[in-house]
Amino acid sequence: MEELIIATKNKGKAKEFEELFEPLGFRVKTLLDYPDAPDIEETGKTFEENALLKAVGISNIFQKIVIADDSGLVIDALDGRPGVYSARYAGTDKDDEANIQKVLFEMKDVPEEKRTAHFHCTLALVVPGKDPIIVEGTCNGLILTEKRGNNGFGYDPIFYLPHLKKTMAEITSEEKNRISHRGNAIRKLSEHVQEAMERGDFLS
Ligand SMILES: O=P(O)(O)OP(=O)(O)OP(=O)(O)OC[C@H]1O[C@@H](n2cnc3c(O)ncnc32)[C@H](O)[C@@H]1O
Ligand SMILES: [Mg+2]
């Protein structure tokens, strides 16, 4: 079985990558399996720049095929914030609760029809010695005024999917993978990964 390294330390993302890539015949490893891997600073101004920084940085260390995910919540009424700063919006890195409370506070006077938002995911696939491949996925929704549901991670409890009448934290991970920004991006990328496998890029 081919091993795929995902350059993430986010447990929620790691679970979704496993669920989406393992049925395709890959053994998914993340940086949670390599605790000594360095933190790559996300100094980019776009999702693409940060995804590339993480994928290239980790691929250079392991000399293996690496995928990185840079993602976030883009809220129209907040001019696109938190955007690339989604993980650290409230200051400390990856404090989901503080990030949600900051968004809810900033959105407190925004009427329902203006609470539109989307999740964005950019994936970078780096095969050593080859040009990187970039794909994107999005998922549209509305920002609620309070949290609902316990599944998922990050901003899922305040991200409402009107067609399902549920938040991203009230649906199962199978349902989330079918419709999410990450699911959509991974489905696009999986074709490139299969092609790399057929070319023999995984043999090293
Ligand atoms: O950089 P890595 O190690 O992959 O993990 P991270 O959590 O820092 O990931 P990002 O830098 O890409 O920041 C993305 C943030 O956007 C939010 N986010 C991304 N995808 C999400 C999803 O599917 N559901 C809810 N929130 C999400 C969440 O707050 C993440 O921490
Ligand atoms: Mg990050």
Side-chain angles (χ1 to χ4, degrees), residues 4-20 28-35 37-59 66-75 78 80-104 117-126 134 136-144 147-161 166-186:
L4 209 51
I5 299 179
I6 316 292
T8 185
K9 292 188 174 172
N10 178 316
K11 286 198 184 78
K13 284 187 190 177
K15 178 168 173 279
E16 293 175 14
F17 275 101
E18 281 162 16
E19 290 168 350
L20 284 152
V28 172
K29 291 272 168 121
T30 69
L31 300 184
L32 300 166
D33 299 306
Y34 300 101
D39 276 323
I40 309 281
E41 239 195 301
E42 297 176 32
T43 51
K45 291 202 165 49
T46 62
F47 293 113
E48 181 171 332
E49 281 177 71
N50 282 336
L52 270 172
L53 279 172
K54 290 187 268 191
V56 171
I58 296 300
S59 181
V66 170
I67 294 173
D69 166 314
D70 203 61
S71 45
L73 177 63
V74 180
I75 302 177
L78 301 181
R81 294 193 311 276
V84 290
Y85 304 105
S86 291
R88 49 198 144 127
Y89 196 45
T92 341
D93 205 22
K94 286 170 217 176
D95 185 339
D96 289 346
E97 179 60 28
N99 289 337
I100 285 178
Q101 291 312 325
K102 180 166 180 186
V103 165
L104 290 180
H118 66 271
F119 274 125
H120 178 101
C121 174
T122 296
L123 300 179
L125 168 70
V126 169
I134 304 284
E136 296 181 336
T138 60
C139 177
N140 292 330
L142 297 171
I143 303 301
L144 288 186
K147 297 195 291 176
R148 271 170 54 176
N150 298 306
N151 302 334
F153 67 97
Y155 299 92
D156 283 342
I158 57 168
F159 192 84
Y160 184 72
L161 300 153
K166 285 178 181 170
T167 68
M168 201 76 117
E170 290 178 308
I171 58 178
T172 63
S173 63
E174 289 81 13
E175 287 173 304
K176 179 176 173 185
N177 290 336
R178 266 202 297 278
I179 57 150
S180 76
H181 48 311
R182 184 164 300 103
N184 292 333
I186 290 176

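We use all heavy atoms of the structure for the numbers below, so side chains are in, but hydrogens, waters and symmetry mates are not. Ligands are counted one by one from 1 in listed order, and the atoms in each one are counted from 1 as well.
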Mutual orientation of the aromatic rings belonging to F119 and H181 [parallel < 30°, tilted 30-60°, perpendicular > 60°]: parallel

E97 atom CD: more than 12 heavy-atom contacts under 6.0 Å: yes

Derivation of the side-chain contact (heavy atoms from CB on, under 4.5 Å) call for E16 and F153: CA-CA 11 Å; E16 293 175 14; F153 67 97; 3.4 Å; yes

Any side-chain donor near an acceptor of the partner, D69 and S71, under 3.5 Å: yes

Identity of the N, O or S atom of E42 lying closest to the Mg ion (ligand 2): OE2

Interatomic spacing from OH in Y160 to CE in M168 - rounded to 0.5 Å: 13.5 Å

Pocket residues of ligand 1, ordered first by chain and then by residue number (heavy-atom cut-off under 4.0 Å): T8, K9, N10, K13, E42, K54, D69, D70, S71, G72, S86, A87, K94, F119, F153, G154, Y155, D156, K176, H181, R182

Atom pair CG/CG of N99 and L73 - distance to nearest 0.5 Å: 10.0 Å

